[in-house]
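Below is one structure, written out as structure tokens; the observations come after it.
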Amino acid sequence: MAASARLLLRRLFRVSRGAAVGPAAGASGPSGGCWPPTGRRWSSEASEDRKTHFGFETVSEEEKAHRVYKVFENVAQKYDVMNDAMSLGIHRLWKDMLLHAMHPQPGVRLLDVAGGTGDISFRFLEYVCSQQQRQQRRDTQSIQTPSWQDISNNYVNNYEEENKTGPKESRAVVCDVNKEMLKVGKQKADSTGISSGLSWVVGDAEELPFDDDQFDIYTIAFGIRNVTHIDRALQEAFRVLKPGGRFMCLEFSKVTNPVLVRLYDTYSFQVIPVLGEVIAGDWKSYQYLVESIRKFPDQEEFKEMIEDAGFFCVRYSNFTGGIVALHSGFKL
């Protein structure tokens, strides 16, 4: 209820601000600023026929949800292999860049929606662990040639302090609507020995099975374009984040370089479906994935949708010439 009230107040604020200053488009530059723009807006209620797109096809909303589920059910076992093949391994760099932009600290709670095979959550836990180890090394180096008594006293004090306050444990929750994707993710976690601080939940991005104000960071990587109602997914992200929490979305976007556009389109439509057939035995699923990228809003449109959900300080960064964009916003 409190989160809904805050969202209503922010929307009223944006409306009054728009009336006061007018639609000064582009004033904050291409990556945005800490104030929502006052341009046009989208509304899920505007569509009366309940139709949507599945790639380049027009289908009912119910049919899209069913067909998207089948796509990822079909590709789950080869999902990671195909990601490497399609992107020539660059998707790993994009995900690493997401983590460096996030820069999580020990004790942070992450919700990774459409997290599927766990790539983002695994990186998150590894990053936090490396942060803890780095801090321990700094603490050790700050002690100049201590005596054995100093070491003993320091160990006892640290032990007592940890027992008093409890260790700061970061947690990652992988949430995905597709059980097959989660199954593959769990198998990866078991094979790599990652278990502490990690949990797996079946859930729909449009209706998350969590209470309000639960998470410090919400991520969704290469998943939001497959959601039937993107606005609802964004509102759910806002709801489950704590005040001060951060929304981060890594998604394919619009390439701006004309030369790269031609090369990218040729590769996407003529190579990726073939790879899907050869590696995963599934041409149609990868044809859909290519088409779904073209139907997704461009960087500025998506930025405005995030602001509509109530987020502030919304910005984006383009990776690899705009093939992928990282959008970020805060719940204030």
Any side-chain heavy-atom pair of [X] and [Y] under 4.5 Å:
X	Y	result
D308	D231	no
F330	R315	no
L250	M97	no
P273	E277	no
I323	Y264	yes
V173	W200	no

Decide yes or no on side-chain contact (heavy atoms from CB on, under 4.5 Å) for D176 and F72, but give the supporting numbers first. CA-CA 11 Å; D176 200 297; F72 286 94; over 6 Å; no
Report, one line per pair, each donor and acceptor closer than 3.5 Å where one atom sits in a side chain of residues 289-296; sequence neighbours left out.
| unit_1 | atom_1 | unit_2 | atom_2 | d |
| --- | --- | --- | --- | --- |
| E291 | OE1 | F56 | N | 3.0 |
| E291 | OE2 | Q287 | NE2 | 3.2 |
| S292 | OG | R225 | NE | 2.9 |
| S292 | OG | Y288 | O | 3.4 |
| S292 | OG | L289 | O | 2.8 |
| R294 | NH1 | V290 | O | 3.3 |
| R294 | NH2 | D265 | OD1 | 2.7 |
| R294 | NH2 | S268 | OG | 3.1 |

When clusters are formed by joining ILVMFWY residues with side-chain heavy atoms under 4.5 Å apart, either directly or through shared neighbours, do [X] and [Y] land in the same one?
X	Y	answer
F124	I194	yes
V240	V201	yes
V68	M82	yes
I230	I220	yes
V202	V174	yes

So which heavy atom on [X] is nearest to which on [Y], and how close?
X	Y	result
A85	L275	O-CD1, 4.0 Å
L198	S121	CD1-CB, 3.9 Å
Q77	E180	NE2-OE1, 4.3 Å
G223	A114	CA-CB, 4.0 Å
K331	D213	NZ-OD1, 2.7 Å
L111	C175	CD1-CB, 3.9 Å

All side chain to side chain contact (heavy atoms under 4.5 Å, CB included) counterparts of K254, not counting sequence neighbours: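 Expected list: D298, Q299.
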Set of residues satisfying side chain to side chain contact (heavy atoms under 4.5 Å, CB included) with respect to R67, sequence neighbours excluded: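 Only F54, E57, V59, E63 meet the side chain to side chain contact (heavy atoms under 4.5 Å, CB included) criterion with R67.
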side-chain contact (heavy atoms from CB on, under 4.5 Å) between D119 and H91: does it pass, once the steps are laid out? CA-CA 10 Å; D119 270 6; H91 76 100; 4.0 Å; yes
F210 and F215: CA distance, side-chain angles, deciding distance, ring-ring contact (aromatic ring centres under 6.0 Å, His included) verdict: CA-CA 9 Å; F210 307 105; F215 298 94; 5.2 Å; yes
If you count the non-hydrogen atoms of other residues, nucleotides and ligands that lie under 6.0 Å from CD in E62, is the total more than 12?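 Check fails, neighbour count at 12 or below.
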Tell me if the NZ atom of K188 is crowded by more than 12 foreign heavy atoms within 6.0 Å.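 Result for NZ/K188: enclosed.
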What's the separation between atom [atom1] in [X] and atom [atom2] in [Y], rounded to the nearest 0.5 Å?
X	Y	atom1	atom2	value
L110	S170	CG	OG	9.5 Å
W283	I272	CH2	CD1	11.5 Å
I90	N83	CD1	CG	12.5 Å
I120	D112	CD1	CG	6.0 Å
F311	R246	CZ	CZ	12.0 Å
H327	F302	NE2	CZ	6.0 Å

Applying side-chain contact (heavy atoms from CB on, under 4.5 Å) to V128 and V108, what does each step give before you reach the verdict? CA-CA 9 Å; V128 170; V108 166; 5.7 Å; no
Electrostatic pair [X]-[Y], nearest N-O below 4.0 angstrom:
X	Y	result
D216	R109	no
R232	E236	no
D282	K78	no

Other than L263, what residues sit in its cluster of Ile, Leu, Val, Met, Phe, Trp and Tyr side chains whose heavy atoms are under 4.5 Å apart, directly or through others?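 Members besides L263, by chain and number: V259.
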Assess whether side-chain contact (heavy atoms from CB on, under 4.5 Å) is satisfied between L234 and M305, documenting all intermediate values. CA-CA 8 Å; L234 293 172; M305 294 178 76; 3.9 Å; yes
Backbone N or O of V227 within a donor-acceptor pair of the E206 side chain at under 3.5 Å?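 Judged by distance alone, no pair lies under 3.5 Å.
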Can you give each donor-acceptor pair under 3.5 Å made by side-chain atoms of residues 98-106, sequence neighbours left out, with the distance rounded to 0.1 Å?
| unit_1 | atom_1 | unit_2 | atom_2 | d |
| --- | --- | --- | --- | --- |
| H103 | ND1 | Y127 | OH | 2.7 |
| H103 | NE2 | Q105 | NE2 | 3.1 |
| Q105 | NE2 | H103 | O | 3.3 |

Between F222 and F252, how do the two ring planes meet: parallel, tilted or perpendicular, split at 30° and 60°?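 The arrangement is tilted - the two ring planes meet at 30° to 60°.
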Evaluation steps, ring-ring contact (aromatic ring centres under 6.0 Å, His included), between F247 and Y218: CA-CA 5 Å; F247 167 86; Y218 171 113; 5.5 Å; yes
Worked check of salt bridge (Lys or Arg N to Asp or Glu O under 4.0 Å) between E61 and K64: CA-CA 5 Å; E61 292 179 349; K64 174 174 180 174; over 6 Å; no
Between the side chains of Y316 and E300, is a donor N or O closer than 3.5 angstrom to an acceptor N or O?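 Side-chain D/A pair, Y316 to E300: present.
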Please step through salt bridge (Lys or Arg N to Asp or Glu O under 4.0 Å) for the pair R239 and D212, ending with a clear verdict. CA-CA 5 Å; R239 181 182 66 80; D212 296 1; 2.8 Å; yes
Using side-chain hydrogen bond (donor to acceptor under 3.5 Å, both in side chains) as the criterion, list what pairs up with T320, not counting sequence neighbours.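 Result, side-chain hydrogen bond (donor to acceptor under 3.5 Å, both in side chains) vs T320: W94.
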